[in-house]
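Just the heavy atoms: all of them, side chains too, but no hydrogens, waters or symmetry mates, feed the values below.
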Amino acid sequence: MTEDFVSAVLGLLIVAAVYLDGRAHVLGLPDSFFTPWHALLYGSLATLIGWLAVICRRAAVRRSGDRLAVVPAGYARALIGAAVFAAGGAADMIWHQIFGVEFGIDALMSPTHLALFSGGALLLSGPVRAHRLRGAPSSLLVRLPSIMAVTGMTAIAAFALIFLSGFLADESTHTVGHFPEGSAEHIAAESIASAGLASYVLTSLVVVVPLTYLIRADLAGPGTVLFLVSSLATLALVLANFPNALIAVIAVLAGALGDLILLGLRHFGADARIQELVLAALLPALLWSGQLLAVGAAEPIRWSVEMVSGVVTLSAAASFTAVFAFRRVYANAVPELGSARQYR
């Protein structure tokens with residue numbers, strides 16, 4: 001557990017540094033290799049890779065002293081992630097030399113940056129896989145490294161999709177004018193609204209999918225929903241330099257209510273399948289209803305009643321449908337989960 005905990009903490013430090021670096025770009029701060037956020041990023045990254053080498057050596061000593069290193073159970077993918085990240089970093093340097101340095105959404109869509117995101121997610125996965133393979137006791141303390149690691153991986157995905165973050169969506173403050181179908185004015189007005197709708201629906205899935213995994217893997221404990229949701233909201237707001245701090249408060253309240261819902265369902269004997277479906281429907285509704293109220297507190301909401309109610313309903317329905325439709329995919333993809341048997 002100590003090895004998993006250190007790995008998870010170092011992974012979260014890497015994620016925090018990624019968001020701080022993104023914030024520096026958003027604010028237009030002086031950019032060079034020698035910045036505090038780069039020091040945190042590369043320092044924590046090097047420390048995590050060094051820590052993986054340490055636990056590989058510790059595993060060799062535990063199993064057989066005549067081997068230099070043995071990959072601990074569950075950490076093979078983390079080592080693959082380290083290799084992918086290193087290769088992506090080298091490729092990114094070459095990419096910049098050929099095509100220059102990207103800005104804005106171009107930077108998020110760069111193939112080399114996507115490779116870095118993928119490698120980073122794998123690099124953080126060790127504690128989750130290790131816990132499942134060991135079949136460790138299910139106390140909250142033992143599950144904590146896995147919860148932290150899943151949160152870190154989810155935050156990487158959320159960063160890659162930050163241009164469609166529901167936590168930062170303010171399109172509801174723009175009037176959707178009525179113009180002739182097909183006109184340039186009609187297309188422009190609905191493009192803004194469409195981006196807002198997509199932000200809420202997509203972010204709902206980013207939040208609900210990892211929570212579904214945590215529930216199915218019997219990893220979700222008291223405070224899990226609060227930790228995941230508030231972490232994602234806070235990181236997004238940090239990157240954007242806190243345009244509306246009330247959204248962080250809403251995320252905390254929605255996460256706490258999500259934990260209470262899970263607690264209530266378990267109290268009444270609901271199985272994991274019921275828990276994940278109820279949470280998939282209710283959590284987006286709680287999040288985005290509160291988020292729209294927070295946005296409206298700063299600036300008048302100019303969407304119609306149909307748009308406001310529709311986006312909350314659509315987000316909840318999309319999350320529910322995704323969790324409901326892909327239950328067998330999850331069960332077959334992660335066969336070691338004991339709870340997966342009930343879905344077959």
**OP:** Verify the cluster assignment for Val229 and Leu260: are they in a single hydrophobic cluster under the rule of side-chain heavy atoms below 4.5 Å apart?
**Re:** no

Subject >> Check against side chain to side chain donor-acceptor pair (under 3.5 Å), Ser204 and Trp288 >> reply: CA-CA 9 Å; Ser204 298; Trp288 308 136; 2.7 Å; yes

**OP:** Mind checking the CE-OG1 spacing from Met148 to Thr224? Nearest 0.5 Å is all I need.
**Re:** 12.0 Å

**OP:** Find out if a path of hydrophobic residues (ILVMFWY) with successive side-chain heavy-atom gaps under 4.5 Å connects Tyr200 to Ile162.
**Re:** yes

Subject >> Check: Ile261 and Leu286 side chains under 4.5 Å, non-hydrogen atoms >> reply: yes

Subject >> Value rounded to 0.5 Å, distance of OG in Ser118 from CD1 in Ile80 >> reply: 13.0 Å

**OP:** List the steps and the verdict of side chain to side chain contact (heavy atoms under 4.5 Å, CB included) for Leu292 and Val311.
**Re:** CA-CA 10 Å; Leu292 286 165; Val311 72; 4.1 Å; yes

Subject >> Evaluation steps, side chain to side chain contact (heavy atoms under 4.5 Å, CB included), between Arg302 and His174 >> reply: CA-CA 6 Å; Arg302 303 187 187 280; His174 297 269; 5.9 Å; no

Original post:
Between Leu141 and Pro145, what is the shortest heavy-atom contact and its length?
Top reply: O-CD, 3.6 Å

**OP:** Determine yes or no for a side-chain-to-main-chain donor-acceptor pair under 3.5 angstrom, with Glu276 supplying the side chain and Ile215 the backbone.
**Re:** no

Original post:
Any idea which heavy atoms bring Asp259 and Gly223 closest together, and the distance?
Top reply: OD2-CA, 3.2 Å

Original post:
Near Phe5 CZ, under 6.0 Å, is it more than 12 heavy atoms from other residues, nucleotides or ligands?
Top reply: no

**OP:** Report the relative orientation of the aromatic rings in Phe320 and Phe324; use parallel for angles under 30°, tilted for 30 to 60°, perpendicular for over 60°.
**Re:** parallel

Subject >> Gln275 vs Leu279 side-chain heavy atoms within contact, under 4.5 Å >> reply: no

Original post:
Leu123 pairs by side-chain contact (heavy atoms from CB on, under 4.5 Å) with which of Val84, Leu79, Leu45, Leu10?
Top reply: Leu45

Original post:
Taking a hydrophobic cluster as the set of Ile, Leu, Val, Met, Phe, Trp and Tyr residues connected by side-chain heavy atoms closer than 4.5 Å, whether directly or through intermediates, do Leu52 and Leu13 fall within one such cluster?
Top reply: yes

Subject >> Nearest-0.5 Å distance, CD of residue Glu3 to SG of residue Cys56 >> reply: 9.5 Å

Subject >> Expected output: side-chain Arg129 to main-chain Ala73 donor-acceptor under 3.5 Å >> reply: no

Subject >> Distance, nearest 0.5 Å, that separates CG of Asp218 from CZ of Arg143 >> reply: 6.0 Å

**OP:** Kindly give the heavy-atom pair with the smallest separation between Ser125 and Ala78, and that separation in Å.
**Re:** OG-N, 4.0 Å

**OP:** Determine whether Leu287 and Phe167 make a side-chain contact, defined as any pair of heavy atoms from C-beta on separated by less than 4.5 Å.
**Re:** yes

**OP:** Starting from the C-alpha separation in whole Å, work towards a yes-or-no answer on side chain to side chain contact (heavy atoms under 4.5 Å, CB included) for Val26 and Asn241.
**Re:** CA-CA 8 Å; Val26 169; Asn241 200 32; 5.8 Å; no

Subject >> side chain to side chain contact (heavy atoms under 4.5 Å, CB included) between Val207 and Leu283, worked out >> reply: CA-CA 9 Å; Val207 171; Leu283 185 57; 3.7 Å; yes

Original post:
Any donor-acceptor pair under 3.5 Å linking the side chain of Ser199 with the backbone of Gly166?
Top reply: no

**OP:** Give, for atom OH of Tyr42 and atom CD1 of Ile49, the distance between the pair rounded to the nearest 0.5 Å.
**Re:** 12.0 Å

Subject >> Rounded distance (nearest 0.5 Å) linking atom CD1 of Ile250 with atom OG of Ser230 >> reply: 13.0 Å

Subject >> Close side-chain approach of Glu299 to Asp170, heavy-atom, < 4.5 Å >> reply: no

**OP:** Verify, without hydrogens or angle tests, whether Asp4 (side chain) and Ala130 (backbone) share a donor-acceptor contact under 3.5 angstrom.
**Re:** no

Subject >> Option passing side-chain contact (heavy atoms from CB on, under 4.5 Å) with Leu41 (candidates Val15, Leu20, Val18) >> reply: Val18

**OP:** Treating Ile, Leu, Val, Met, Phe, Trp and Tyr as nodes and any side-chain heavy-atom pair under 4.5 angstrom as an edge, say whether Phe159 and Leu205 lie in one connected cluster.
**Re:** no

Original post:
Hey, is the main chain of Thr151 close enough, under 3.5 Å, to the side chain of Ser231 for a donor-acceptor pair?
Top reply: no

Original post:
Of the options Ile156, Leu40, Leu48, which is the one that meets Ile14 in a side-chain contact (heavy atoms from CB on, under 4.5 Å)?
Top reply: Leu48

Subject >> Within one Ile-Leu-Val-Met-Phe-Trp-Tyr cluster: Val71 and Leu124, side-chain cutoff 4.5 Å >> reply: yes

Subject >> Exercise: identify the closest heavy-atom pair between Pro210 and Val150 >> reply: CB-CG1, 3.7 Å

Original post:
Does one side chain, of Trp303 or Thr173, offer a donor that lies under 3.5 Å from an acceptor on the other?
Top reply: no

Original post:
How about Trp51 and Tyr75: are their ring centres within less than 6.0 Å of each other?
Top reply: no

**OP:** Provide the closest heavy-atom pair for Arg266 versus Gly221 in the form atom of the first, atom of the second, distance.
**Re:** NH1-CA, 4.3 Å

Subject >> Asp92/His113 under side chain to side chain donor-acceptor pair (under 3.5 Å): CA gap, chis, key distance, verdict >> reply: CA-CA 7 Å; Asp92 193 48; His113 287 177; 3.2 Å; yes

**OP:** Would you name the heavy atoms of Leu116 and Gly89 that are closest together and state the gap between them?
**Re:** CD2-N, 3.4 Å

**OP:** Answer yes or no: is there a side-chain heavy-atom contact under 4.5 Å between Ile247 and Phe242?
**Re:** no

Subject >> Beyond-backbone contact of Ser44 with Leu12, side-chain heavy atoms, under 4.5 angstrom >> reply: no

Original post:
So, do Pro243 and Leu237 sit near enough that their side-chain heavy atoms are less than 4.5 Å apart?
Top reply: yes

Subject >> Contact check, side chains of Met153 and Leu122, non-hydrogen atoms, under 4.5 Å >> reply: no

Original post:
Quick check: does any side chain N or O of Tyr19 sit under 3.5 Å from a backbone N or O of Ala155, one acting as donor and the other as acceptor?
Top reply: yes

